[in-house]
Amino acid sequence: MSVRPLQPADEPAVRSLQTLLEYADPDIVDAALAGPFVGRVAVADGTVVGYAIALPGEEATLSELVVAPAHRRAGHGEALVDAIAEATGADRLVVTTPAENEATTAFYESLDFEADARLSGFYADGSDALRLVRRE
């Protein structure tokens with residue numbers, strides 16, 4: 001397993017993985033390739049198995065994180081979060097996730113993220129989100 005910067009050749013694999021997200025932003029992949037967003041991919045056996053995209057800043061926003069189901073629980077998600085934290089150099093890393101997604105919340109909490117706020121009606125369909133923060 002390795003993590004490296006997102007490259008143009010990775011776009012088809014990342015867009016395929018993006019379909020696994022409930023709330024994906026198709027424009028974010030372009031923003032990661034051209035800037036200002038930062039993208040990292042997890043690679044196993046020469047195949048992109050996950051990606052993370054974040055908006056850098058003093059408080060970096062982890063916008064999307066996906067690992068292919070067959071490659072979950074192998075450390076790819078943690079490696080991607082750590083790579084994004086390093087790439088952004090932020091004091092805090094922030095992620096927003098559907099409030100009802102307990103598995104995702106537990107994953108982030110296992111990486112030292114703490115619930116910061118519940119955002120009522122955050123998503124276009126009216127669903128609530130949970131904002132989690134990790135201080136670097």
Side-chain angles (χ1 to χ4, degrees):
M1 169 186 64
S2 65
V3 174
R4 62 168 171 72
L6 174 66
Q7 301 168 358
D10 301 323
E11 184 176 356
V14 168
R15 290 201 184 276
S16 178
L17 287 166
Q18 194 176 42
T19 65
L20 299 171
L21 286 175
E22 186 174 358
Y23 301 103
D25 179 356
D27 296 331
I28 205 163
V29 178
D30 295 330
L33 288 167
F37 284 73
V38 173
R40 295 292 182 266
V41 293
V43 179
D45 299 322
T47 301
V48 173
V49 298
Y51 76 91
I53 296 175
L55 180 61
E58 186 175 312
E59 180 177 276
T61 301
L62 180 57
S63 302
E64 291 187 3
L65 171 70
V66 179
V67 175
H71 294 274
R72 292 181 182 161
R73 301 194 183 279
H76 299 294
E78 180 176 4
L80 285 164
V81 170
D82 290 344
I84 286 291
E86 183 178 329
T88 63
D91 293 336
R92 290 176 307 284
L93 192 56
V94 175
V95 65
T96 305
T97 189
E100 303 308 317
N101 192 330
E102 294 175 9
T104 301
T105 300
F107 164 75
Y108 285 116
E109 288 176 342
S110 76
L111 299 179
D112 298 325
F113 282 81
E114 297 177 354
D116 181 60
R118 186 177 181 103
L119 307 172
S120 181
F122 180 82
Y123 295 105
D125 66 3
S127 297
D128 292 353
L130 191 60
R131 182 179 189 268
L132 298 121
V133 178
R134 181 171 95 172
R135 286 157 179 65
E136 298 300 316

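When a residue number appears, it is its place in the shown sequence, counting from 1.
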So, do [X] and [Y] sit near enough that their side-chain heavy atoms are less than 4.5 Å apart?
| X | Y | result |
| --- | --- | --- |
| Leu65 | Val95 | no |
| Leu132 | Glu109 | yes |
| Pro98 | Thr104 | no |
| Phe122 | Leu130 | no |
| Tyr123 | Thr96 | yes |

Contacts of type salt bridge (Lys or Arg N to Asp or Glu O under 4.0 Å), residue Arg92, not counting sequence neighbours: Glu59
Contact summary for [X] and [Y], nearest pair of heavy atoms:
| X | Y | value |
| --- | --- | --- |
| Pro26 | Gln18 | CA-OE1, 3.9 Å |
| Ala83 | Val3 | CB-CG1, 3.5 Å |
| Pro36 | Pro56 | O-CD, 3.3 Å |
| Val67 | Gly77 | CG2-N, 3.8 Å |
| Ala44 | Val49 | CB-CG1, 4.1 Å |
| Val38 | Ala87 | CG1-CB, 3.8 Å |

I'd like to know if [X] and [Y] make a salt bridge, using a cut-off of under 4.0 Å between side-chain N and carboxylate O.
| X | Y | value |
| --- | --- | --- |
| Asp116 | Arg131 | yes |
| Glu58 | Arg135 | no |
| Arg40 | Asp10 | no |

Are [X] and [Y] connected in the hydrophobic side-chain network, where two residues link if heavy atoms are under 4.5 Å apart?
| X | Y | answer |
| --- | --- | --- |
| Leu119 | Phe113 | no |
| Val14 | Leu20 | yes |
| Val66 | Leu111 | no |
| Leu17 | Val29 | yes |
| Val43 | Leu80 | no |

Residue from Tyr51, Tyr23, Phe37 passing side chain to side chain contact (heavy atoms under 4.5 Å, CB included) with Glu64: Tyr51
Side chain to side chain contact (heavy atoms under 4.5 Å, CB included), paired with Leu62, selected from Ile84, Ile53, Leu55, Thr97: Ile84
Option passing salt bridge (Lys or Arg N to Asp or Glu O under 4.0 Å) with Arg134 (candidates Asp91, Asp82, Asp112): Asp82
Shared-cluster residues of Val133, by chain and number - hydrophobic side chains joined below 4.5 Å: Val94
Pair Thr47-Asp45, side-chain donor/acceptor within less than 3.5 Å: no
Glu86 CD: over 12 foreign heavy atoms closer than 6.0 Å: no
Whether Thr105 side chain and Asn101 backbone form a donor-acceptor pair below 3.5 Å: yes
Asp25: side chain to side chain donor-acceptor pair (under 3.5 Å) partners, not counting sequence neighbours: none
